[in-house]
Amino acid sequence: MSTPTARDERDYYERIFRVCEEVPRGQVSTYGDIATIVGDGCDARIVGHAMAALGARAATCPWQRIINRTGGISTSGHGQKERLEEEGVGFDEKGHVLMSVHQWAGPTEEWARARGFHPLPPKTPQGGASTQLSLF
DNA sequence: GTGATGACGATAT
DNA sequence: TATATCGCCATCA
């Protein structure tokens, strides 16, 4: 194409918002995962900047479902945890989201390709249900 | 164009 | 698991 520029849209923000809106209710995703789906050099930090720049999109973008890799809420004063609990997301005694239960597995490969994004890589299911760990 | 900032990630301890 | 350190990159002043 004449414009093979990485950012077909204005910025990464538009993509990030789009992926963010794909997170189903009752589930959460991490900045790194969103960045991976967006790909194209996107980074977890960029996702954080996008969330901070949501603006009017905050009404249509489930930003509250985006948390850091530790499963903790990086925001404070925005009632993020409160909103997640209202969606059915469970937290542990430490205030961390039960990632092994509510972590979003990412969009379908079909959806990702249709949008020009990348599917989520196979994550190692550590802890949680390690019953099927028989890998060698 | 440069420097500073930031809703982070990964690794090491 | 928590803390400390480094890296990586877009956006803003």
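These numbers were taken from a predicted model, which means no experiment stands behind them. The sequence lines fix the lettering, A, B, ..., with proteins before strands; numbering per chain opens at 1.
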Polar-atom pairs under 3.5 Å, protein N or O versus N or O of nucleotides 3-6 of chain B: list them with distances, or write none.
| from | atom 1 | to | atom 2 | distance (Å) |
| --- | --- | --- | --- | --- |
| B:dG6 | N2 | A:H49 | NE2 | 2.2 |
| B:dG6 | N3 | A:H49 | NE2 | 2.6 |

A:L54 CG to C:dT11 P, in whole Å, measures 14 Å
Sort and list the pairs that fulfil salt bridge (charged side-chain N to carboxylate O under 4.0 Å, His left out) and have at least one residue in residues 88-103 of chain A, not counting sequence neighbours. A:D92-A:K94
Quick one: hydrophobic cluster around A:L98, which other residues, with the 4.5 Å side-chain cut-off, linked directly or via members? A:V101
Length of the CG-P vector between A:D40 and C:dC8, whole Å: 17 Å
Measure from the side chain of A:D43, starting at C-beta and using heavy atoms only, and say which of B:dA7, C:dA2, C:dC8 lies closest. C:dC8
Starting at NE2 of A:H96 and ending at C1' of B:dA7, how long is that distance when rounded to a whole Å? 15 Å
If I take atom CZ in residue A:R15 and atom P in nucleotide C:dA10, what distance separates them, rounded to the nearest angstrom? 12 Å
Give, ordered by number, those residues of residues 61-69 of chain A having at least one heavy-atom distance below 4.0 Å to an atom of DNA chain B; if nothing qualifies, reply none. A:W63, A:N68, A:R69
Can you name the residues that form a side chain to side chain contact (heavy atoms under 4.5 Å, CB included) with A:R83, not counting sequence neighbours? A:W63, A:Q64
Measure the distance from CE on A:M51 to P on C:dA10 and round it to the nearest whole Å. 16 Å
Partners of A:E86 by side chain to side chain contact (heavy atoms under 4.5 Å, CB included), sequence neighbours excluded? none
By side chain to side chain contact (heavy atoms under 4.5 Å, CB included) - contacts of A:T70 (at least two apart): A:N68
Got a sec, which pairs hit salt bridge (charged side-chain N to carboxylate O under 4.0 Å, His left out) with one end in residues 58-75 of chain A, sequence neighbours left out? A:R65-A:E87
Flag the pair A:Y12 / A:D43 as yes when at least one side-chain heavy-atom distance between them is below 4.5 Å, and no otherwise. no
Each residue besides A:V97 in its hydrophobic cluster should be listed here, by chain and number; the cluster joins Ile, Leu, Val, Met, Phe, Trp and Tyr at side-chain heavy-atom distances under 4.5 Å. A:V28, A:I67, A:I73, A:L84, A:V89, A:F91, A:M99
With no angle test and no hydrogens, is the base of C:dA10 tied to the side chain of A:Y13 by a donor-acceptor pair under 3.5 Å? no
